[in-house]
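Lettering of chains follows the sequences in order, A, B, ..., and the numbering in each one begins at 1.
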Amino acid sequence: MEKKQVTQEERKVLKSMFLRSHLVFTTFNMVKMEANAYTLTMAPAIESIYKDDPEEKREAYLRANQFFNTHAVPFSFIAGLNYAMEKQHHDNGSIDGTTINAIKTALMGPTAGMFDSLFFNCLRIIASGIAIGLCSQGNVLGTFLFILIYGVSQSVVKYLFVNWGYTFGTSFIDAVYNSGLMQALTKAAGVMGLMMIGFMTASTVNVPLNWTISIGETSVVVQDVLNSIFPGILGVGLLFLMVGAIKKGWRPTQLVLCILAFGLVGAFLGIF
Amino acid sequence: MVQSAIVVALVYWFINVLDQSFLSWQCLSRPIVVAPVVGLLLGDFHTGILMGASLEAIFMGISAIGGSIPADPLSATCISVAYSILTGADAETGIALALPIGTLMSSWNAMLTPIFASLAPYWENLCQKNIKAFTVQTLLFTTFVQPLVNTVVLFIAVAYGIEGLNAALAVLPAWVMTGLGAASSMMTAVGFAILVSMIWSNEVGIFFFVGYVLSSVTGLDSLKVAIIAAAIAITMFFGEKRHIDTKNAMANSSAATAVNDEEDFF
């Protein structure tokens, strides 16, 4: 794959994306986690690509504002890659929206695990070790070294990653498209994306049922019975109930309010 | 006490905002950085540095994963450094004091989490309609609204003690707290449901359950599941590639025969 020349405008967009990618936890919420921060990071790219196409722009923002959760460093790589994908989507229609979403989703799970171990569980401990040694002697240099080793290093890697994600994404998608394999990529990305959502559903969505039915002397813990049918059946049931509701045209606001009401009513009746 | 409570609360708020927008998560909010800052502001830089070292050693192994924080290092550091400098107590006393405050903060937060989560559809609409308004509102929200409750709780707890705040929580019936907690642990399903409905196709949909089972039954972590997922995806990609290649080869040969037929005809 040949290396692509980055134009002046692209460089400007990437720089702005790099700066915005620091806002990883802006309005972090339980429904979409880092989606708003991701939207803020993608905004310069989307504005520059879809300048004259309000309908496509709206769709690109909707894609950007989906559930997103990964470590702060690969966050910028995925955003850079997404910039390349959005550009290809607009310029020659080589990649469709579903594939963009699937690739994004496929990447967030593994990168989160990898970079959490690398930075949070490894580099942070090294930086803390050095800093504690210095600070316990009353030397404030320790604090600055900690910021340098753990903080500035991440920022530098983020800068490299957003650019790398963009150039890599552009040449990768070009290569796939030119060899006529986009259909194969769509399918493969769909498999990986769905598997990762399945994984995240199991590890994140939790229906904390705490309901015991007493029949005479014996009592039945409903959650245990259901889990013995299939572990976490309630979480996956809830998810597909809502997928069905969305297919029927329910709005996300209605779903969120239903969950809120369900939680409160359930707790009032004593099933949570 | 009120004056130092103001300092502690302001540092807490400032670091909280800075941590989300500068360098990286959990860098500037670590005790090793926060303690010297609090020390400097309260006029005893040296104690701040020394306490930074001992607090960092205590909190080094404690990480906040999945939003549940066993003891919030940031508030604990703010409180214990302020107490040590103002009353001469040692770090352990400060932490002992900070723990119930941390618990209190997470109770108040537990109430707000589902309410903040309910705003997700609003953000989704706003970013599609007006990205400028979206940018301004998300930044204002994350700077002033999100850390507000923690900051106020911290201020009241340091200035007036935690009794009043506990009493205010006790007024609420227990089921409200339980219900809000249950709602926030179910909320993520909405985000996943929207995403699933966007990338679902009947052909590969079954793989959702493969990922699900790998986590819920075997308990593998994300990287291991991703390796299995990548293996399946790559196999699928090359299978599909072979299919496309064969199709192209057939199309080419039939095109060639078509040309030959024409030549024969003339």
Side-chain angles (χ1 to χ4, degrees), chain A residues 23 25-27 29-32 36 39 43 58 61 65-67 72 98 101-102 109-110 113 128 131-132 135-136 138 140 143 146 150-151 154 184 188 190-195 198-199 201-206 208 231-232 238-239 242-243 246 252-253 255-256 259-260 263-264 267-268 272, chain B residues 20-21 23-25 27 32-33 36 46 49 52-53 56-57 60 114 116-118 120-121 123-124 127-128 131 138 141-142 175 178-179 182-193 195-199 201 204 207-208 210-212 215-216 222-223 225-226 229 232-233 236-237 240-241:
Chain A
L23 299 162
F25 291 98
T26 301
T27 56
N29 62 61
M30 286 311 284
V31 173
K32 291 185 174 175
N36 285 341
T39 310
R58 201 187 59 74
Y61 274 123
N65 199 264
Q66 290 312 317
F67 176 91
T98 311
N101 264 328
S128 297
I132 289 169
C135 284
S136 60
V140 76
T143 299
F146 177 81
Y150 182 59
Q154 293 197 47
V191 168
M192 184 136 179
L194 282 165
M195 263 185 89
F199 165 78
T201 305
S203 55
T204 322
V205 178
N206 176 27
L238 180 70
L239 178 85
M242 284 196 287
V243 172
I246 291 169
T253 320
L255 296 176
V256 164
I259 295 239
L260 206 56
L264 286 170
F268 183 69
F272 286 122
Chain B
Q20 295 189 2
S21 55
L23 294 177
S24 192
W25 176 63
C27 173
I32 196 102
V33 182
H46 189 69
I49 298 167
E56 182 65 39
M60 194 155 77
F116 289 162
S118 312
W123 298 126
E124 187 183 289
C127 77
Q128 293 175 66
I131 190 66
T138 47
F141 190 83
T142 212
W175 62 267
T178 320
S184 65
S185 66
M186 291 187 284
M187 282 287 187
T188 320
V190 180
F192 287 144
L195 198 53
V196 166
S197 66
M198 281 176 124
I199 65 176
S201 75
V204 295
F207 284 99
F208 173 90
V210 178
Y212 187 83
S215 171
S216 73
S222 67
L223 198 55
V225 174
I232 298 173
M236 204 124 185
F237 179 81
E240 199 80 354
K241 179 179 186 294

Under a 4.5 Å heavy-atom cutoff, which of [options] has the most pairs with chain B?
options                               : value
A/Gly190, A/Gly109, A/Gly138          : A/Gly138
A/Ala72, A/Gly113, A/Pro110, A/Ser203 : A/Pro110
A/Thr253, A/Leu255, A/Asn206          : A/Asn206
A/Gly198, A/Gly263, A/Pro252          : A/Gly198

Counting distance only, does the side-chain N/O of B/Thr188 pair as donor-acceptor with the main-chain N or O of A/Met30 below 3.5 Å? yes

Sidechain-backbone polar pair: A/Thr26 side chain, B/Thr142 backbone, donor-acceptor under 3.5 Å: no

Heavy-atom closest contact ([X] atom, [Y] atom, distance):
X        : Y        : result
B/Ser118 : A/Val256 : CA-CG1, 3.2 Å
A/Leu238 : B/Ala189 : CD2-CB, 3.8 Å
B/Val33  : A/Thr143 : CA-CG2, 3.8 Å
A/Ile246 : B/Ser197 : CG2-OG, 3.7 Å
A/Met192 : B/Ala226 : CE-O, 3.7 Å
B/Ile131 : A/Ala43  : CG1-CB, 4.0 Å

For the candidates [options], which exhibits the highest count of non-hydrogen atom pairs separated by less than 4.5 Å from chain A?
options                      : result
B/Pro36, B/Ala182, B/Pro114  : B/Ala182
B/Cys127, B/Ser184, B/Ala120 : B/Cys127
B/Leu223, B/Val210, B/Val190 : B/Val190

Atom [atom1] in [X], atom [atom2] in [Y]: separation rounded to 0.5 Å?
X        : Y        : atom1 : atom2 : result
A/Thr201 : B/Tyr212 : OG1   : OH    : 7.5 Å
B/Met187 : A/Asn29  : CE    : CG    : 9.0 Å
A/Met195 : B/Ser215 : CE    : OG    : 11.0 Å
B/Ile32  : A/Ile132 : CD1   : CD1   : 5.5 Å

Stepwise, does the side-chain contact (heavy atoms from CB on, under 4.5 Å) test hold for B/Glu124 with A/Gln66? CA-CA 8 Å; B/Glu124 187 183 289; A/Gln66 290 312 317; 3.9 Å; yes

Identify, with sequence neighbours excluded, every residue that meets side-chain contact (heavy atoms from CB on, under 4.5 Å) alongside B/Thr178. A/Ala267, A/Phe272

Given that the side chain runs from C-beta out, which part of B/Leu195 has a heavy atom under 4.5 Å from chain A: side chain, backbone, both or neither? both

Could you work out, with ring-ring contact (aromatic ring centres under 6.0 Å, His included) as the rule, every residue matching B/Phe141, not counting sequence neighbours?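 Result, ring-ring contact (aromatic ring centres under 6.0 Å, His included) vs B/Phe141: B/Phe116, B/Trp123.
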
Is the A/Phe67 ring parallel, tilted or perpendicular to the B/Phe192 ring (thresholds 30°, 60°)?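 Tilted, since the angle between the ring planes falls between 30° and 60°.
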
